[in-house]
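Heads up, the thing below is written out as structure tokens.
By convention here, the first residue in the shown sequence is residue 1. FYI, side chains are in, hydrogens and waters are out, and symmetry mates aren't considered; it's all heavy atoms of this structure.
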Amino acid sequence: MNFMPIDRRTLLAGTAGTLAAGALPLPARAARPAPSGLLYGLSPRPGLPERLPVEDPSRILMLHGWLFHEGDIVPPAPTTHDETYTNAKAGNARGAAAMDYDDSDWAQVSVPHDWASAQGFVETANVAQGYRPRGIGWYRRTLRLDPADRGKKLELHFGAIATAATIWINGSVVARNFSGYNAITVDLTPFARFGDELNVIAIRVDATAMEGWWYEGAGLYRHVWLAKRSPVSIATDGVHCDPRLGSDGRWQVPVAVTLESIARTAASATVMIDLLDPAGKVVGSARAQADLQPLGEAQVALSIPVADPQRWSIETPTLYTVRVATDAPGGGDGRRIAIGFRTIRFDAQAGFFLNDKAVKLKGVCLHQDHAGVGVAVPDALLAWRLQRMKDTGVNAIRCSHNAQADAFYQLCDRMGFVVMDENRIFNPAPENMAQLEWLVRAHRNHPSIILWSVFNEEPMQGTEAGVEMVRRMAAHVHALDDSRPVTAAMNGSFYDPQNVSSVVDVMGFNYYQGDYDKFHALNPAKPSTSSEDTSAYMTRGAYATDKAAHVMSSMDTEAAPWGATHRNAWAEIAKRRFIAGGFVWTGFDYHGEPTPFAWPTIASFFGILDLCGFPKTAYDIHRAHWIDDQPVVGIAPHWTWPGREGQPVELLVTSNAERVRVVLNGRMIGEQAVDRIMGNAFTVPYAPGKLEAVALKGGREVARAVHETAGPAVALRLTPARTAMLGDGEDVVPVTIDAVDAKGRHVPTENRMTRFTVDGATLIGVGNGDPNSHESEKAPQRSLFNGLAQMIVQAGAGRGKVTIAATADGLRPARLVIDRVAATPRPQVDATPPGAFILGWRRSKSFATAPDPGLTPPVNDNNSWDFTRSGTPAAPEAGPSFRLYRAALPVRKRVMAEGGTLTFARIDGRASVYVDGRPVATKADPAAAPLVVPVSAGAKGVAVLVEAVPGARSGITGAVRLAPKG
């Protein structure tokens with residue numbers, strides 16, 4: 001990825017104070033570390049992270065309270081008439097989607113959640129998915145809505161679900177989605193229940209479906225939100241406010257707002273828009289009125305002129321805020337959307353321009369998984385990953401090959417990356433076009449985005465059908481956003497009579513670097529970029545290839561047949577102005593696609609960094625290529641080679657200075673003029689001691705990299721990415737584990753098993769960057785791999801200390817304390833207590849005298865007894881009135897085995913309760929009151945005979961909850 005120091009205010013310094021709720025953390029501000037520092041730039045950063053602002057205050061996180069079952073649950077087919085009849089009715093889902101399904105033995109999980117990341121590796125599983133079985137899983141959650149929420153627009157927002165999902169609300173199917181990368185919005189409003197009448201969300205996730213040839217994870221792996229909005233509200237993704245520079249040289253912020261109404265009568269709303277500068281000062285405003293019909297929509301379009309705004313750029317990603325508010329009956333709604341003033345242009349002869357300044361795209365392609373957590377990457381870990389890309393010198397990111405999490409785009413805006421946002425499925429059919437439309441609508445306000453990509457490497461790219469498909473998709477994108485060009489990542493067919501390069505705005509080359517000049521000569525007016533390049537292989541910390549052991553040298557000598565080494569690939573891009581830039585495959589290693597190997601290899605070798613974010617030699621290579629604002633120097637390999645004394649060792653020295661000098665044990669070995677792209681080679685007879693690479697400019701030292709020969713490991717060391725973390729229940733910190741010798745020097749050859757304990761935080765994943773390791777990524781232990789391993793810890797809530805201890809056989813243990821600073825958590829939906837609720841009842845007609853409590857509805861009779869719900873009273877009657885209520889007791893394993901209690905939150909009228917025909921409780925006072933009833937083990941049914949007071953309402957007027965004893 002692309003990184004440069006960020007000119008932004010540090011929210012907190014030190015470890016004192018309390019942070020207000022306000023979304024997720026950004027990496028702490030720090031200078032880019034030199035690779036000669038502790039563990040190549042992995043030394044801890046001081047202070048606390050910034051938090052991203054809240055864009056949509058109506059949304060509340062649903063982190064906790066989820067239950068999960070791995071494996072499918074297939075309900076038996078209905079056989080009786082009653083079963084068949086009710087099966088066809090709304091709200092009567094069967095099996096695990098049913099409201100009263102017994103989920104009492106399901107696992108409690110928090111989201112984001114990737115169940116595949118906890119799987120073992122199985123040789124018969126799919127190779128591209130990293131040999132991890134994915135399968136089918138179910139999620140359930142109970143949701144209580146306050147009665148005050150009645151009349152509001154209620155939505156559930158799923159950031160993404162891997163992969164094919166069916167969602168039920170209160171027993172009714174509300175959504176089906178067949179992609180693992182787009183957000184899903186569910187209108188909860190018509191299905192919602194309030195107060196003690198709870199809502200049940202059930203989700204079946206089929207992760208056997210595969211959209212990619214890489215590890216895709218499984219489950220609710222992005223955030224889930226509950227949105228509560230006024231009856232007249234701003235639609236989800238309903239604000240478009242991307243700034244424009246007019247032909248007259250003046251800036252405008254055109255703002256289009258889509259409003260929705262669920263009101264029962266016509267309504268009017270005032271839309272108020274303010275533009276805030278980076279200091280929060282209002283620098284422009286506009287107002288408009290909108291009229292909406294019941295269940296209708298309205299659009300408001302306004303424009304705010306801006307004089308001489310500060311520009312957004314990679315070096316100074318300055319952001320303004322568009323504040324949108326509505327004023328309508330039933331309350332208002334609002335958004336706060338970050339925007340940036342910048343111009344972009346792709347030139348066919350001179351490449352990419354940002355704010356009319358030529359900028360070479362120094363990019364990487366990124367998948368979304370990380371060691372230990374799979375694709376369920378916490379926001380703070382995502383921020384850390386992007387900072388690692390900044391440290392490498394990256395300025396551009398390609399979303400490969402799908403949309404990323406919301407936080408990714410916010411972070412790119414604030415950290416100064418430009419982004420190629422890529423569509424997943426190449427298909428203009430309505431379902432897939434809707435996914436493309438979501439991609440553009442959801443992301444088009446982000447200044448970081450400079451390109452829309454409609455596909456990656458499609459076999460139809462050289463056909464008439466492929467051209468027609470791209471024409472339609474590109475037209476749809478341009479209709480939604482006319483400010484950015486469309487590209488497609490092509491891997492051939494450039495010269496076919498029909499090929500999609502003719503209908504995209506920017507030509508995207510995946511590899512085929514030998515065709516750059518020919519294509520440019522034939523298409524001199526077509527802008528071009530490398531959309532994917534390199535595909536070089538490296539095993540972090542290994543410096544000789546051993547294909548039998550599935551190990552690839554990190555000396556930049558190995559590459560895929562279709563690719564090139566890191567140095568050769570960048571050389572082809574750097575020397576051509578008309579190529580806008582490149583996107584290295586890939587920034588990080590990723591699970592799956594273990595090219596060029598298969599079992600037992602379970603991850604890729606392509607990354608500049610490994611699965612944990614530990615640097616390979618490619619890190620120093622690209623720092624030399626891409627960093628212009630400070631001197632850098634790196635040297636490979638390490639300098640611990642016992643038994644090779646006197647043997648020649650080939651060195652690769654990389655730098656952006658003028659000259660480099662190699663010194664061994666105080667003696668100069670040689671000095672050369674820097675080759676910034678290919679690096680400088682030196683051959684040195686191995687002798688233990690200190691190896692140094694000195695970068696020179698004007699004859700003066702400007703940077704130094706040092707390797708020292710390590711002795712035998714004697715102790716472990718723990719190094720956190722940050723010295724403090726937020727006590728908000730979400731913040732995470734990666735912690736590096738390594739071994740040191742008696743002088744405290746890193747031992748790059750140590751591979752011992754290490755074991756961990758964590759107090760004050762949760763260990764959510766472990767890794768070591770070894771693409772051949774089959775160790776658990778969830779267990780509290782991990783072997784060092786070529787000297788390094790990683791644990792990821794997630795903070796608990798409140799102020800305190802996070803204490804981590806690491807042990808290994810034969811080594812002194814390590815102990816680390818991280819300050820946990822009090823911070824207000826983001827607003828979250830409370831989890832409901834465990835237990836089962838009786839939601840539906842059959843209710844008899846009114847009797848003037850008490851009926852036999854054993855009375856039941858006739859078989860197949862769906863008409864003479866009402867279908868009613870807990871919390872629904874019967875209407876008052878003038879004279880004496882008795883009604884009988886019947887329901888099956890929810891099946892809960894512990895209650896069936898041990899018995900339990902049935903709690904009626906409220907019954908209006910006198911009542912007698914029977915369990916399996918036996919009287920168990922009475923309520924003599926007709927006033928509304930609760931009632932607690934014992935339930936014996938194995939009980940199956942309950943009946944309630946209610947006697948109403950003449951003229952008063954009666955019945956089961958509150959929630960009914962079944963709970964185990966104790």
Taking C-beta and beyond as the side chain, do V891 and M896 meet within less than 4.5 Å on heavy atoms? yes

Residues in ring-ring contact (aromatic ring centres under 6.0 Å, His included) contact with W225, at least two apart in sequence or another chain: H223

P147 meets the side chain to side chain contact (heavy atoms under 4.5 Å, CB included) criterion, sequence neighbours left out, with R144, R150

R335 side chain vs D237 backbone, donor-acceptor pair below 3.5 Å: no

Would you list the pairs meeting salt bridge (charged side-chain N to carboxylate O under 4.0 Å, His left out) in which at least one residue belongs to residues 156-182, sequence neighbours left out? none

Give the intermediate values and the outcome of side chain to side chain contact (heavy atoms under 4.5 Å, CB included) for residues D187 and T185. CA-CA 7 Å; D187 185 2; T185 298; over 6 Å; no

Give me the one residue out of K893, R894, R140 that meets salt bridge (charged side-chain N to carboxylate O under 4.0 Å, His left out) with D102. K893

Going by heavy atoms in the side chains, are W115 and V205 under 4.5 Å from each other? yes

So, E70 versus Q119: side-chain donor-acceptor pair below 3.5 Å or not? yes

Test item: Q828 side-chain N/O and L63 main-chain N/O as donor-acceptor pair under 3.5 Å: no

Residues passing the ring-ring contact (aromatic ring centres under 6.0 Å, His included) test with Y139, sequence neighbours excluded, are F68, H113

Could you tell me whether the side chain of E898 and the main chain of K965 form a donor-acceptor pair under 3.5 Å? no

Take a 6.0 Å sphere around CD of Q108 and say whether it holds more than 12 heavy atoms from other residues, nucleotides or ligands. no

T849: which residues meet the side chain to side chain contact (heavy atoms under 4.5 Å, CB included) condition with it, sequence neighbours left out? none

Under the ring-ring contact (aromatic ring centres under 6.0 Å, His included) rule, what pairs show up with a residue in residues 860-917, not counting sequence neighbours? none

Atom pairs and distances, side-chain donor-acceptor, residues 943-955, under 3.5 Å, sequence neighbours left out:
residue	atom	partner	partner atom	Å
R953	NE	D908	OD2	3.1

Main chain of L156, side chain of R59: is a donor-acceptor contact present, judged purely on distance under 3.5 Å? no

Quick one: does R229's side chain have a donor or acceptor within less than 3.5 Å of a partner on K153's backbone? no

Any donor-acceptor N/O pair, D114 side chain to A218 backbone, under 3.5 Å: yes

Looking only at atom types and distance, does a side-chain atom of E155 sit under 3.5 Å from a main-chain N or O of V186, one as donor and one as acceptor? no

Would K228 and D146 satisfy salt bridge (Lys or Arg N to Asp or Glu O under 4.0 Å), going step by step from the backbone distance to the final call? CA-CA 11 Å; K228 298 181 179 183; D146 193 287; over 6 Å; no

Going by heavy atoms in the side chains, are F837 and T832 under 4.5 Å from each other? no

So, using ring-ring contact (aromatic ring centres under 6.0 Å, His included) as the criterion, who are the partners of H240 when residues are at least two apart? none

So, do Q289 and T270 sit near enough that their side-chain heavy atoms are less than 4.5 Å apart? yes

Would you mind listing every side-chain hydrogen bond (donor to acceptor under 3.5 Å, both in side chains) that reaches into residues 915-927, with sequence neighbours excluded? R918-S936

Donor + acceptor pair across side chains of S179, E211 (<3.5 Å): yes

Exercise answer: donor-acceptor pairs, residues 72-79 side-chain atoms, under 3.5 Å, sequence neighbours excluded:
residue	atom	partner	partner atom	Å
D72	OD1	W138	NE1	3.1
D72	OD1	R204	NE	3.1
D72	OD2	R204	NH2	2.8
T79	OG1	E83	OE1	3.1

Stepwise side-chain hydrogen bond (donor to acceptor under 3.5 Å, both in side chains) test for S846 and E877: CA-CA 9 Å; S846 174; E877 297 197 16; 3.2 Å; yes

In sequence, state the C-alpha distance, the side-chain angles, and the governing distance for T80 and D82, and then conclude on side-chain hydrogen bond (donor to acceptor under 3.5 Å, both in side chains). CA-CA 5 Å; T80 69; D82 278 355; 5.8 Å; no

Test S870 against R193 for side-chain hydrogen bond (donor to acceptor under 3.5 Å, both in side chains), laying out the working first. CA-CA 11 Å; S870 297; R193 296 165 184 179; over 6 Å; no

Find out whether V257 and I273 are in side-chain contact, i.e. whether some heavy atom of one side chain is under 4.5 Å from a heavy atom of the other. yes

Among all residues two or more places apart in sequence or in another chain, which pass the ring-ring contact (aromatic ring centres under 6.0 Å, His included) test with W438? H443

Check step by step if side-chain hydrogen bond (donor to acceptor under 3.5 Å, both in side chains) holds for T903 and R961. CA-CA 5 Å; T903 301; R961 178 172 174 263; 5.7 Å; no

Output every pair passing salt bridge (charged side-chain N to carboxylate O under 4.0 Å, His left out) with a member in residues 837-850, not counting sequence neighbours, ordered by first then second residue. R843-D866

Would you please test V942 and V933 for side chain to side chain contact (heavy atoms under 4.5 Å, CB included) and show each step? CA-CA 10 Å; V942 59; V933 175; over 6 Å; no

With distance as the sole test, does S172 use its side chain to make a donor-acceptor pair with the main-chain N or O of G91 at under 3.5 Å? yes

